[in-house]
There are 4 protein chains.
Amino acid sequence: MEVRMDGLNPSGEDVREAIFKSAVELFARRGYYATTIRDIVDRAGVTQPMVYYYFGSKEELFVSCVKELFYRISCEYKKVPMEQPIEKYLWEFITVGNDIYAKSPESILLMINYIHYPEEYPRFSDIKELVAKPMEVLKNAIEYARQNGEVRQEINPISASMTVLGALTLARTLHYIHNFIMDIDLDVDTEFVSNQIQKIVTRGILSN
Amino acid sequence: MEVRMDGLNPSGEDVREAIFKSAVELFARRGYYATTIRDIVDRAGVTQPMVYYYFGSKEELFVSCVKELFYRISCEYKKVPMEQPIEKYLWEFITVGNDIYAKSPESILLMINYIHYPEEYPRFSDIKELVAKPMEVLKNAIEYARQNGEVRQEINPISASMTVLGALTLARTLHYIHNFIMDIDLDVDTEFVSNQIQKIVTRGILSN
Amino acid sequence: MEVRMDGLNPSGEDVREAIFKSAVELFARRGYYATTIRDIVDRAGVTQPMVYYYFGSKEELFVSCVKELFYRISCEYKKVPMEQPIEKYLWEFITVGNDIYAKSPESILLMINYIHYPEEYPRFSDIKELVAKPMEVLKNAIEYARQNGEVRQEINPISASMTVLGALTLARTLHYIHNFIMDIDLDVDTEFVSNQIQKIVTRGILSN
Amino acid sequence: MEVRMDGLNPSGEDVREAIFKSAVELFARRGYYATTIRDIVDRAGVTQPMVYYYFGSKEELFVSCVKELFYRISCEYKKVPMEQPIEKYLWEFITVGNDIYAKSPESILLMINYIHYPEEYPRFSDIKELVAKPMEVLKNAIEYARQNGEVRQEINPISASMTVLGALTLARTLHYIHNFIMDIDLDVDTEFVSNQIQKIVTRGILSN
DNA sequence: TATGAATGAGCTTTCATTCAT
DNA sequence: AATGAATGAAAGCTCATTCAT
């Protein structure tokens, strides 16, 4: 499997890419079991055996998607510099997630779902560390601020980061449901809610 | 013709109950599509047609489960009295959820999953209001405290309740994954984390 | 199984009668395999096991219906007196069938279907002679008229009776389809068509 | 890559054809509901999913069969030239049907059954016109002869054609039952009976 | 007589996957 | 690198029938 340096895809890689994209969207919206290979290839405009040629099986295709997305977002999160007030850090961290969600809600959704679905998705040990990465990045930043005395001692960094990510997760999910699936009672403006979450948590953890 | 005190039919309702219980557990852990009627009846120790006799179809069985669980937890949440400091209210609210989770994690999981799974589960318009209920109960309490001046004016009650519920949701899910599915990196002590969440949010929203 | 002399039915026989009636209607319209025991008992307002109590099985219920109907119509046909011009006889014979069809199209339909459906219905050797009876009655009348010189020698009575019954059968079926099932192109006035059939066949077989 | 002269796909269309043939035979003999997909594929020597690959569903397979057969026979009937004495026309018309019946009784049976079975078969509006076609062809010929004065004015062409087709239908059905299903009392020689029917009807409708 | 509850067998249909080309 | 055709296994569901009362 030849490694390519450029961003362009020859006809061959186009097929692979089309499958990948279509798979992410469908796995995200419908889940692993409710998504069929036919759905994926129809949307991608390719034939069924191509999935097996490029990815080996449905499961491997799924793993590829999840890994790739978790890897990408971890990278983005890591770019946020820790050497700044935790208040600002938090906001930038949240913004990174919001931007990705805005660009392709499915990417975020797939990750959310994967976490919130104990057994629905196939679980693979080599995904473990990837799944925990984003939360770890945030935890490290809060820990760092706590060592600086910026954050109260009694605050447990992992719980704090869980609070932030859990809140965002729910907000984005409800937003998605409201906008794309059904008119549930809660209309969520992600921008505004994100801001509120940041305010609440910041004040909740700051020292003075 | 044995007479029973509980109002249930001698054997009839037992079968129904067994199916229900087994369905909640499996739907919660595996999701709707990955759970088969055969799985459910095998675990319940009954035969397939019984599902159709008592519930009509897989979908109706699922709806029954979700409705019932959302209804039950809403009732519990509503019992928490609003006429007390928001700090205490929050703690009691969180405790109610934790207790249910402790008793039957699957019940909570199913509700969590149902919310976090845009299209995986079948969606039914008559579930809408039930799904939104728990969050509404919490929102009303925060709104009430805000009108009392206990909570800062700039705090938006819906966002605050989303923060609480989202955080708890993620905490419980990670706990479940860690304990029941796979040894993911984050070992979560729900008691402790709940306490932290309550602390952070309380401080984050209180007036002074 | 007590034999009853009167036409009244006690509550017991009511159930049996209700099942029978409902069965005839449904078997006639939907056929044997497309009619379920549930359909029958629902329409009859009784419970499923009653069918087995009174008739033993679905098949036996069906046999009862077919036998009974063929027997009844044979009796009616036999009442038409042979000692009259074949032209008049034919008309009376046709009229008997039309009257029954008018009163309960399903009775006639069931017989028609049973004949025209080689394997759809279960076949039972003891039904054989009953099925052939109506045609035999007509055949005998024509044979009688032929011996009298009223009908041409070259006419084969069985073929002639087949012509009459086949024509009537098709007419009634198309009438039924048109009126009860779907607006097929051929609107059939049974009275008028019967008259035509009688005219054509009479002239077709008469001597001079 | 073997090239075939008949335009059919090497193996592909063979499978399709085998399913079609087997379906016609079984639907004709047993009816729609008593025929299972398993029966069809077993007889055809193919696997179950092939039915869905080529026809989409049991119902669509059935529709294909009925449509195709009605279409074929209509075409044959239309080939009989109207510009000849109605006596000869009738004979040729009858012969066309007899030939097809001789070659594959099931084809004719399926059409007969479809007409004589009000609700047993699924009914589709787009089959309506096809079903009425053969009778229309015959009706037109008789109408034509009537305008020429060959047929009496008081004869209604539609009733006359109903007489012919109904008679033939019954004759063929009884023949089929006698020969293929059970030894019913009426042994029918289709050739002879057809001849009789033609004689009776011809004389029945002719002018002088 | 009558019933609510229960069942084994079998139905149509779909799925992930592979083969021959 | 790509495809049309094919398949074994299993899904959701229904049916005629029976059991316990």
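Convention: sequence-line order gives letters A, B, ...; per-chain numbering from 1. Every value quoted in this text rests on a predicted model; they were computed, and no experiment measured them.
Candidate nucleotides E:dA2, F:dA2, E:dT18 were compared by shortest atom distance to the side chain of A:M50, and F:dA2 ranks first. When the nucleotides E:dT18, E:dA2, F:dC13 are ranked by their closest atom to the side chain of B:R38, F:dC13 comes out on top. Listed candidates were E:dT14, F:dA5, F:dT17. Nearest to the side chain of D:Y53 is F:dA5. Proximity note for C:K58 (side chain, C-beta onward) versus F:dA16, E:dT3, E:dT12: the nearest is F:dA16. The B:P49 side chain lies nearest to F:dT14 when the options are E:dT1, F:dA2, F:dT14. Checking E:dT13, E:dG4, F:dA2 against the side-chain heavy atoms of D:Q48 singles out E:dT13 as nearest. Checked against F:dA2, F:dA6, F:dT3, the side chain of A:Y54 finds its nearest nucleotide in F:dA2. Residue A:S57 has its side chain nearest to E:dT17 when only F:dA16, E:dT12, E:dT17 are considered.
Going from atom OH of A:Y54 over to atom CD of A:E17 covers 11.5 Å, rounded to the nearest 0.5 Å. Interatomic distance, C:Q48 CD to C:I19 CD1, rounded to the nearest 0.5 Å: 10.5 Å. B:F70 CZ to B:C65 SG: the interatomic distance, rounded to the nearest 0.5 Å, is 12.0 Å. The CZ atom of C:F20 sits 11.0 Å away from atom CD of C:E25, with the distance rounded to the nearest 0.5 Å. Once rounded to the nearest 0.5 Å, the distance linking OH of D:Y32 with CD of D:E59 reads 4.5 Å. Rounded to the nearest 0.5 Å, atoms CZ (B:F62) and CG (B:L26) are 12.5 Å apart.
Between the CD1 atom of D:I37 and the P atom of F:dG8 there is a distance of 17 Å, given to the nearest Å. Rounded to whole Å, atom P of E:dA16 lies 16 Å from atom CZ of A:F55. Straight-line distance from the CG atom of B:D42 to the P atom of F:dA10: 13 Å, rounded to whole Å. One can place CG of C:D39 at 12 Å from P of F:dT14, the figure rounded to the nearest angstrom. Per the geometry, OH belonging to C:Y32 stands 11 Å off C1' belonging to F:dC15, to the nearest Å. D:R30 has its CZ atom 15 Å from the C1' atom of E:dC11, to the nearest Å. Computed from coordinates, the C:E59 CD to F:dC15 C1' distance equals 15 Å when rounded to whole Å. In this structure, OH of C:Y33 is placed 16 Å from C1' of F:dT14, rounded to the nearest angstrom.
Nearest-nucleotide mapping onto DNA chain F: of A:G45 and D:T47, the residue sitting toward the 5' end is A:G45.
The partner of F:dA9 is E:dT14, by the rule that a Watson-Crick or G-U pair needs both atom distances under 3.5 Å. With both pairing distances under 3.5 Å, F:dT17 is matched to E:dA6 as a Watson-Crick or G-U wobble pair.
Under 4.0 angstrom from either OP1 or OP2 of F:dT14 there lies no side-chain N or O belonging to B:Y52.
Rounded to a whole angstrom, the distance from the C1' atom of E:dT1 to that of F:dT21 is 13 Å.
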